[in-house]
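In what follows, a single structure is set out as structure tokens and then discussed.
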Protein chains: 2
Amino acid sequence: MNKLNENDCCSGLEDLLLPRMFKALGDPNRVSILIHLAECCAPCSVSEVADFCPVDLSVVSRHLAILREAGILEAQKRGKEVYYTVCSQTLVDTLRSIADAIESCCPVDANLEGN
Amino acid sequence: MNKLNENDCCSGLEDLLLPRMFKALGDPNRVSILIHLAECCAPCSVSEVADFCPVDLSVVSRHLAILREAGILEAQKRGKEVYYTVCSQTLVDTLRSIADAIESCCPVDANLEGN
DNA sequence: AATACATTTGCATAATGGCACAAACGTGAA
DNA sequence: TTCACGTTTGTGCCATTATGCAAATGTATT
């Protein structure tokens, strides 16, 4: 009858579920930018990304910055242009770590059958 | 030199990166609610969750509804109370699917070494 | 039916976020 | 230096959202 058994199995979750990262992925335009960059498989400049986005170039620039600050994208300046790429390894590792933490905490999906 | 090789490797990403889900995880209070429910490992009523949240009970009720509509939580009514639990299996599967899709698209983290 | 309790919903307010436009900044070339 | 180009930043507008409080709803008990 341990109704509130606060085990610390999900201790890592607090460090993984960073609102900044999810906030960055909470906007449709940013998601489509991310997908575009992932499909591109090559660094894209701000202007190139903007060609695929229905919003102003300045807005795209801000979206890219938000994704970069969230650790989802990486930026590299080459001359006048700034090229963005997906931090795929970081992103993949983070997502899997979150999945592992949740799984280890709530093993068999012990959902609403209790009590 | 295929600068814009639009391969469809990440085709599944569009169906996985749903803004509603990430928007739900983009709020600090909702994240802490989720972590609390995960640590609880047992269904929690709205009032129980509210005891751990600095905001009003009505706000907690709304947060729980948002997480439920995002497919992150599950609700079950028992008498006067509503018990929430984490849809851990769904959540874990979704996160791993996203990770797999990104990984298969951008294999070795082919980041900023191109060109 | 009347009451008590848990939750949800209506409403107003303050904060945040996305957007376009214009101006500023940085960089390379003439 | 002057210029053109790519990007970022300032600003204002509008939509969305988080919040608290009060009222309404639902549910079991008396």
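Side chains included, hydrogens not; waters and symmetry mates left out as well; all remaining heavy atoms used. Throughout, protein chains are lettered first and strands after them, A, B, ... in sequence-line order, and every chain is numbered starting at 1.
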Heavy atoms only, 4.0 Å cut-off, all strands: where does [X] land among base, sugar-phosphate and nothing?
X	value
V46(B)	sugar-phosphate
V55(B)	sugar-phosphate
S45(B)	sugar-phosphate

Among dG26(D), dT8(D), dT8(C), find the nucleotide with the atom closest to the side chain of S61(B).
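Output: dT8(C).
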State which of dG18(C), dG20(D), dT8(D) makes the closest approach to the side chain of Y84(A).
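Nearest to the side-chain atoms of Y84(A), counting from C-beta on, is dT8(D).
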How close or far is atom [atom2] of [N] from atom [atom1] of [X], stated in whole angstroms?
X	N	atom1	atom2	answer
L57(A)	dT9(D)	CG	C1'	13 Å
F22(B)	dG17(C)	CZ	P	18 Å
K80(A)	dA29(C)	NZ	P	8 Å

Examine the base of [N] for any acceptor or donor lying under 3.5 Å from a partner atom in the side chain of [X], and report the outcome as yes or no.
X	N	answer
S47(B)	dC5(C)	no
S58(B)	dC21(D)	yes
R62(A)	dG10(D)	yes

Let me confirm one number: the CD-CD1 distance from E14(A) to I35(B), rounded to the nearest 0.5 Å.
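The CD1 atom of I35(B) is 4.5 Å from CD of E14(A), to the nearest 0.5 Å.
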Is R30(B) close enough to dA18(D) that one of its side-chain N or O atoms is under 4.0 Å from OP1 or OP2 there?
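So the side chain of R30(B) is within the cut-off, an N or O lying under 4.0 Å from OP1 or OP2 of dA18(D).
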Between D56(A) and K77(A), which is nearer to the 5' end of DNA chain C once each is assigned its nearest nucleotide?
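In this pair, the answer is D56(A).
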Closest-nucleotide 5' rank along DNA chain C - winner of V82(B) and H63(A)
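The residue whose closest nucleotide sits nearer the 5' end is V82(B).
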In plain terms, say whether R62(B) and D56(B) are close enough for a salt bridge, that is, a side-chain N and a carboxylate O under 4.0 Å apart.
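Looking at D56(B) together with R62(B), the answer is no, because their closest N to O distance does not fall below 4.0 Å.
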Is any side-chain N of the basic residue among E69(B) and K23(B) closer than 4.0 Å to the acidic one's carboxylate O?
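Salt bridge between E69(B) and K23(B), a charged N being under 4.0 Å from a carboxylate O: no.
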With heavy-atom distances below 4.5 Å as the criterion, would you say the side chains of L73(B) and L34(B) are in contact?
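L73(B) vs L34(B): side chains touch.
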Given the ring of Y84(A), does R68(A) sit roughly above its face, with NZ or CZ under 6.0 Å from the centre of the six-membered ring and within 45° of the axis?
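No, R68(A) does not sit over the ring of Y84(A).
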